[in-house]
Enquirer: 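Provided herewith is a single structure, encoded as structure tokens, for subsequent inquiry.
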Amino acid sequence: MRRAIAIVLIALAFLVFGPRLTSPQPKKAGASFVYEPPEGFTRGPDQKDAVVWTFDERAFGAKQIQQPPTAVVTHSAKEMSIEERDLAKLAEEMPSAFDQCRWVHRRHELRTRADGARVGLIEGDCDHDVDLAAFGLPAKTIKTRKLQLMFPDDSGTSIVTASYPTDQATRWEPLFEATIGKAKGVATRVLPPPDWMYAAWGLAGLVIGWLVSALALPKRPATSDEKQPTT
């Protein structure tokens with residue numbers, strides 16, 4: 001009985017602590033989330049529950065453009081999953097989330113920062129028509145590209161939605177993607193260990209528990225009934 005108890009206890013210890021010690025662990029940021037937009041963006045005025053950054057060409061000595069790129073930062077108290085399968089589900093919901101335009105999905109990715117924190121990315125085209133009939137002109141299609149970044153933080157998820165003209169995508173996509181590594185206060189979230197890992201550690205614990213108990217526990221002395229009679 002003592003040996004069986006020892007084997008079970010060792011197996012349980014392996015089962016509980018093994019996956020935790022050998023798998024990536026979540027890590028809090030320890031600070032509030034702060035987004036750093038690309039150079040040339042100015043903040044505000046903020047909207048309700050959102051921080052708005054707008055690009056100002058005049059800061060570079062150029063004329064202000066009609067459709068300046070923007071970056072809107074919002075926050076959700078929900079710890080949104082940014083795993084591949086969950087990003088794919090979120091991508092399917094984008095047409096209803098951006099119902100003011102015709103959403104066409106382009107890509108979704110999971111990016112890993114140098115500190116190990118992971119950030120979700122969803123990109124799509126968001127085009128809409130402008131009625132110019134009142135001016136005697138045909139309708140005009142405004143072509144916009146949107147890049148949404150999902151940053152895990154200590155109180156939920158911070159979401160950055162960047163918008164810019166589609167014909168300027170080659171300019172703005174790399175600049176906004178570079179902000180993934182510059183943001184501060186990004187937490188690290190990971191998936192729990194898979195079931196097979198618990199099973200493997202539990203089995204290893206049983207084997208090691210059997211070996212250790214065989215070596216460490218003294219053998220039970222034979223009873224008088226078990227002793228062989230002498231002649």
Enquirer: Once disulfide bond (SG atoms under 2.5 Å apart) is applied, what residue pairs with a partner in residues 81-116 remain, sequence neighbours excluded?
Expert: Cys101-Cys126
Enquirer: When clusters are formed by joining ILVMFWY residues with side-chain heavy atoms under 4.5 Å apart, either directly or through shared neighbours, do Leu175 and Tyr164 land in the same one?
Expert: yes
Enquirer: Is the closest basic N to carboxylate O distance between Asp167 and Lys143 below 4.0 Å?
Expert: no
Enquirer: Can you name the residues that form a side-chain contact (heavy atoms from CB on, under 4.5 Å) with Ala31, not counting sequence neighbours?
Expert: none
Enquirer: Who are the ring pair (Phe, Tyr, Trp, His ring centres under 6.0 Å) partners of His105, not counting sequence neighbours?
Expert: His108
Enquirer: Does one side chain, of Thr179 or Tyr35, offer a donor that lies under 3.5 Å from an acceptor on the other?
Expert: yes
Enquirer: In chain order, what residues pass the side-chain contact (heavy atoms from CB on, under 4.5 Å) check against Asp115, with sequence neighbours excluded?
Expert: Arg113, Ala117
Enquirer: Only pairs at least two apart or in different chains count here, so list each disulfide bond (SG atoms under 2.5 Å apart) that has a residue in residues 141-170.
Expert: none
Enquirer: Under the salt bridge (charged side-chain N to carboxylate O under 4.0 Å, His left out) test, which residues partner Lys89, sequence neighbours left out?
Expert: none
Enquirer: Taking the side chain as everything from C-beta on, heavy atoms only, tell me whether Thr166 gets closer than 4.5 Å to Asp125.
Expert: yes
Enquirer: For Arg43, enumerate each residue passing the salt bridge (charged side-chain N to carboxylate O under 4.0 Å, His left out) test, keeping only those at least two apart in sequence or located in another chain.
Expert: Asp46
Enquirer: Return yes if some donor-acceptor pair links the side-chain N/O of Asp153 with the main-chain N/O of Gly185 below 3.5 Å, else return no.
Expert: no
Enquirer: Check whether any side-chain heavy atom of Asp49 lies under 4.5 Å from a side-chain heavy atom of Thr74, and answer yes or no.
Expert: no
Enquirer: With a cutoff of under 4.5 Å between side-chain heavy atoms, which Ile, Leu, Val, Met, Phe, Trp and Tyr residues group with Phe98?
Expert: Met80, Ile82, Leu87, Leu90, Met94, Trp103, Leu110, Ile122, Met150, Ile159
Enquirer: Using every non-hydrogen atom in the two residues, find where Ala50 and Val72 come nearest and quote the distance to one decimal.
Expert: CB-CG1, 3.9 Å
Enquirer: Sequence neighbours left out, what passes ring pair (Phe, Tyr, Trp, His ring centres under 6.0 Å) with Phe33? Give chain and number order.
Expert: Phe151
Enquirer: Who pairs with Lys182 by side-chain hydrogen bond (donor to acceptor under 3.5 Å, both in side chains), at least two apart in sequence or on another chain?
Expert: none
Enquirer: Looking at every non-hydrogen atom in both residues, tell me the closest pair between Thr188 and Gly116 and how far apart they are.
Expert: CG2-O, 3.8 Å
Enquirer: Please determine whether a side-chain nitrogen of the Lys or Arg among Glu123 and Lys146 lies less than 4.0 Å from a carboxylate oxygen of the Asp or Glu.
Expert: no
Enquirer: For the atom pair NZ (Lys78) and OG (Ser155), what is the distance rounded to the nearest 0.5 Å?
Expert: 15.0 Å
Enquirer: Got Arg102 and Pro95 here, is their nearest side-chain heavy-atom distance under 4.5 Å?
Expert: no
Enquirer: Which heavy atom of Phe176 sits nearest to which heavy atom of Pro38, and what is that distance?
Expert: CE2-CD, 3.7 Å
Enquirer: If you look at every heavy atom in Gly124 and Arg145, which pair is closest and at what distance?
Expert: O-CD, 3.4 Å
Enquirer: Check for a donor-acceptor pair, side chain of Asp86 on one end and backbone N or O of Ser81 on the other, with a separation under 3.5 Å.
Expert: no
Enquirer: With no hydrogens and no angle check, just 3.5 Å: does a side-chain donor-acceptor pair link Asp56 and Thr42?
Expert: no
Enquirer: Who are the salt bridge (charged side-chain N to carboxylate O under 4.0 Å, His left out) partners of Glu109, not counting sequence neighbours?
Expert: Arg107, Arg111
Enquirer: Apply side-chain hydrogen bond (donor to acceptor under 3.5 Å, both in side chains) to Asp127 and list each qualifying residue two or more places apart in sequence or on a separate chain.
Expert: none
Enquirer: For Leu147 and Glu177, which heavy atoms make the closest approach, and how far apart are they?
Expert: CD2-CG, 4.1 Å
Enquirer: Can you confirm whether Arg189 sits close enough to Lys27 that some side-chain heavy atom of one is under 4.5 Å from a side-chain heavy atom of the other?
Expert: no
Enquirer: Indicate yes or no for a side-chain donor-acceptor contact from Thr112 to the backbone of Arg118 under 3.5 Å, with no hydrogens or angles considered.
Expert: no
Enquirer: Quick one, Pro37 and Phe55 - any side-chain contact, counting heavy atoms below 4.5 Å?
Expert: no
Enquirer: Hey, could you give me the CG/CD1 distance between Leu121 and Ile180, rounded to the nearest 0.5 Å?
Expert: 5.5 Å
